[in-house]
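Have a look at the structure below, then the notes.
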Amino acid sequence: MQTISKKSTKRAWAGAIAKPAEEFSPTQLPIISGKIPDGLRGSLYRNGPARLERGGLRVGHWFDGDGAILGVHFTDAGATGVYRYVKTAEYEAETQADKFLYSVYGTQSPGPIWKRWNQQIKNAANTSVLALPDKLLALWEATKPYALDLQTLETKGLDDLGALDKGLPYSAHYKRDLGTGEIFNFGISVGAFAQLNLYKSDRTGKIIQKSAFKLDRYSVVHDFVLTQKYLVFFVPPMGMKTLSTLLGLTTFSEALLWEPQLATQVLIFDRENLSLVSRGETDPWFQWHFGNGCEDKDGSIILDVVRYSDFHQTNEFLREVATGETHTVAKGTLWQVQLNPQTGKVTTQEIVNRKCEFPVVQQSQVGQPWRYTYISLLPQRADIDKELFEAIARFDYKTETLTEADLGANRYPSEPIHAQDRQNPEQGWVLTVVYDGNTHTSEVWVFDSDRLNEEPVCKLGLPSVIPHSFHGTWNPAS
């Protein structure tokens with residue numbers, strides 16, 4: 001009797017996360033095509049969930065995989081790559097036990113419910129990176145960062161930046177003003193009420209000022225905007241089933257509620273003293289990421305953001321990614337927002353009506369006027385509910401044009417990172433880590449930032465597959 005095998009409906013991108021990623025020690029990277037630009041000197045770092053299973057069980061959400069960092073060091077001798085898991089205390093304990101021991105955002109720890117009450121959550125250390133003069137920080141949402149060696153990526157341990165006491169969390173989306181050297185960040189504390197903690201650090205990362213602001217709702221606040229004068233937060237209209245979470249009946253992810261009747265809150269803080277300047281309300285929307293922000297000549301705040309019509313669709317799509325198969329339509333598009341800092345009044349305009357994410361600007365323009373925003377983009381040929389991004393693009397606010405680099409079928413780029421040329425300040429490069437599902441390999445592609453729609457100037461091979469990652473940074477050579 002003939003058995004008919006069921007054809008897999010998984011897309012090629014699923015291959016990158018089918019198995020836990022393999023670390024590799026510092027390795028000279030082969031040049032597949034082109035040449036490394038003479039002015040590209042420094043390090044590219046990327047962070048993302050690299051292990052989505054343990055002991056035969058899968059994580060409940062893409063956000064819950066163990067973080068691993070890719071470092072690519074560009075020197076006169078060529079490019080060297082290194083890839084290592086962040087060896088958090090929880091990672092080490094679960095490795096030794098060969099099973100999940102902790103709850104995370106969308107994953108519950110195994111065992112009886114009562115063991116989940118007030119249980120420590122796992123520091124996944126999987127979201128972003130902050131390069132400081134003497135260390136690299138692996139950032140996550142809910143706890144302190146882990147410090148790593150800038151060259152070898154060896155894990156050094158938890159870091160409190162001099163002021164993260166009493167369980168204060170340090171979020172993944174800091175903003176660094178290259179002009180002043182100041183680094184701004186925040187963290188949401190969840191207890192009897194939700195509290196927004198604001199931090200200002202010096203160039204070494206040491207926190208030199210902090211403040212706290214009580215929020216009147218539980219919400220997912222993943223990112224914020226820095227301008228010349230302000231910190232701007234948009235608090236989506238959400239709530240949380242707190243009791244079921246505390247009792248261990250649901251994961252944090254499942255307990256989140258979308259409540260559009262509440263509208264989106266706008267909170268504007270003075271960046272000098274971290275005090276509240278104004279608050280307002282605008283249309284109900286959800287966002288993970290902002291691109292940039294600044295004040296224009298009349299004092300209005302201009303910013304761009306990838307905006308979703310609700311939270312549940314994007315959260316469900318991201319949950320499905322961990323299974324290797326997606327079905328949910330979650331379309332985030334790029335919008336420009338104009339904001340009166342004294343009243344909180346908002347006007348909005350859609351800029352790119354295509355599914356996109358990970359808006360990035362040149363590092364020297366963070367908090368300053370800018371012309372170009374770089375994004376990960378879904379090609380028009382792709383299925384919106386089943387595919388991950390297969391293109392990167394640059395939107396030009398001056399000409400209102402979108403320049404797109406379609407990598408081709410089954411090739412999946414990471415968030416595009418801009419790197420300024422050391423020799424020519426007018427020249428920029430865009431770096432992305434590409435998973436090629438056709439060959440089950442990973443590569444680093446370098447584009448001329450002004451010629452995104454042309455072939456990459458250089459492609460480098462990586463020793464093993466790098467799973468789809470979240471965020472990265474460019475650390476120029478000193």
Side-chain angles (χ1 to χ4, degrees), residues 128 130-132 170-187 196-211 213 221-235 264-280 282 287 289-307 334-349 351 359-375 394-398 417-418 420 425-426 428 473-474 476:
S128 190
L130 170 55
L132 297 170
Y170 193 79
S171 190
H173 283 286
Y174 62 90
K175 306 293 175 187
R176 174 156 36 193
D177 185 325
L178 284 189
T180 66
E182 294 169 317
I183 302 167
F184 295 87
N185 204 349
F186 73 101
L196 174 64
N197 306 287
L198 304 178
Y199 313 116
K200 183 196 294 189
S201 297
D202 63 19
R203 59 180 297 276
T204 71
K206 182 182 178 184
I207 294 172
I208 55 176
Q209 193 176 350
K210 60 183 180 179
S211 69
F213 179 80
V221 180
H222 181 69
D223 195 3
F224 73 106
V225 175
L226 174 71
T227 74
Q228 299 100 314
K229 295 180 181 178
Y230 305 107
L231 311 180
V232 184
F233 290 82
F234 287 75
V235 184
T264 297
Q265 285 184 350
V266 186
L267 303 174
I268 302 172
F269 296 89
D270 186 307
R271 69 177 262 177
E272 286 303 311
N273 57 27
L274 306 183
S275 65
L276 185 70
V277 175
S278 67
R279 56 193 301 170
T282 186
Q287 81 282 324
H289 302 119
F290 298 94
N292 197 27
C294 69
E295 285 108 46
D296 64 13
K297 292 173 184 173
D298 70 359
S300 294
I301 295 171
I302 306 291
L303 61 93
D304 57 8
V305 59
V306 173
R307 171 174 158 170
L334 188 68
W335 289 66
Q336 188 176 62
V337 176
Q338 187 165 7
L339 179 60
N340 183 319
Q342 302 309 318
T343 65
K345 187 177 185 323
V346 173
T347 55
T348 63
Q349 177 187 0
I351 299 298
V360 172
V361 299
Q362 185 176 322
Q363 287 178 336
S364 61
Q365 294 173 349
V366 171
Q368 304 294 326
W370 79 105
R371 177 174 173 180
Y372 304 115
T373 294
Y374 301 86
I375 52 177
R394 183 180 83 170
F395 185 78
D396 183 339
Y397 279 99
K398 185 175 180 180
I417 298 291
H418 185 280
Q420 198 162 353
E426 300 301 310
T473 191
W474 172 254

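Excluded from the calculations below are hydrogen atoms, water molecules and symmetry mates; all remaining heavy atoms, backbone and side chain alike, are included.
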Full working for side-chain contact (heavy atoms from CB on, under 4.5 Å) between Ile268 and Leu339: CA-CA 10 Å; Ile268 302 172; Leu339 179 60; 3.8 Å; yes

OG1 (Thr180) and CZ (Arg203) are apart, to the nearest 0.5 Å, by 11.5 Å

Smallest heavy-atom separation, Thr227 atom then Gly293 atom, equals CG2-C, 3.8 Å

Find out whether Gln265 and Arg279 are in side-chain contact, i.e. whether some heavy atom of one side chain is under 4.5 Å from a heavy atom of the other. yes

Ignoring hydrogens and angles, tell me if any N or O in the side chain of Lys200 forms a donor-acceptor pair with the backbone of Glu272 under 3.5 Å. yes

Tyr199 and ring pair (Phe, Tyr, Trp, His ring centres under 6.0 Å): which single residue from Phe186, Tyr170, Phe184 fits? Tyr170

Quick one: does Leu226's side chain get under 4.5 Å of Arg271's, heavy atoms only? yes

For the residue pair Tyr374 and Tyr372, categorise the inter-ring angle as parallel (less than 30°), tilted (30 to 60°) or perpendicular (more than 60°). tilted

Counterpart residues, side chain to side chain contact (heavy atoms under 4.5 Å, CB included), relative to Glu426 (two or more places apart): Asn424

Got Val337 and Arg307 here, is their nearest side-chain heavy-atom distance under 4.5 Å? no

Using the side-chain contact (heavy atoms from CB on, under 4.5 Å) rule, take Asp177 and Gln228 through it: C-alpha gap first, then chi angles, then the decisive distance, then the call. CA-CA 9 Å; Asp177 185 325; Gln228 299 100 314; over 6 Å; no

Separation of Ser300 OG from Asn340 CG (nearest 0.5 Å): 6.0 Å

With rounding to the nearest 0.5 Å, note down the distance linking CG in Leu132 to CD1 in Ile183. 5.0 Å

Could you grab the distance from atom CG of Leu198 to atom NZ of Lys210, nearest 0.5 Å is fine? 12.0 Å

Considering only residues two or more places apart or on different chains, which pairs with a residue in residues 290-306 satisfy salt bridge (Lys or Arg N to Asp or Glu O under 4.0 Å)? none

Roughly how far, to the nearest 0.5 Å, is OG of Ser201 from CD1 of Ile208? 7.0 Å

OG1 on Thr347 to CD on Gln336, rounded to 0.5 Å: 8.5 Å

Side chain of Asp270, backbone of Ser275: donor and acceptor closer than 3.5 Å? no

Among Phe234, Phe224, Phe233, find the residue that satisfies the ring pair (Phe, Tyr, Trp, His ring centres under 6.0 Å) test when tested with Phe290. Phe234

Is there a side-chain contact between Leu231 and Lys175, using heavy atoms and a 4.5 Å cut-off? no

Step by step, work out the side-chain contact (heavy atoms from CB on, under 4.5 Å) result for Thr473 and Gln363. CA-CA 9 Å; Thr473 191; Gln363 287 178 336; 3.3 Å; yes

Just do the side-chain contact (heavy atoms from CB on, under 4.5 Å) check on Val366 and Val361 with the steps written out, would you? CA-CA 7 Å; Val366 171; Val361 299; 4.1 Å; yes

Below 4.5 Å, heavy atoms only, C-beta onward: do Val306 and Gln287 meet side chain to side chain? no

Has Gln420 got a side-chain atom pairing as donor or acceptor with Pro425's backbone, closer than 3.5 angstrom? yes

Taking Ser278 for its side chain and Pro341 for its backbone only, find out whether a donor-acceptor pair lies under 3.5 Å. yes

Side chain Ser211, main chain Leu274, donor-acceptor under 3.5 Å: yes

Expected output: side-chain Asn292 to main-chain Trp370 donor-acceptor under 3.5 Å: no

Report yes if some heavy atom in the side chain of Arg176 is under 4.5 Å from a heavy atom in the side chain of Leu130; otherwise report no. yes

What pairs with Arg394 under salt bridge (charged side-chain N to carboxylate O under 4.0 Å, His left out), at least two apart in sequence or on another chain? Asp450

Given the side-chain rings of Phe269 and Phe213, with only the six-membered ring counted for Trp, is the space between their centroids under 6.0 Å? yes

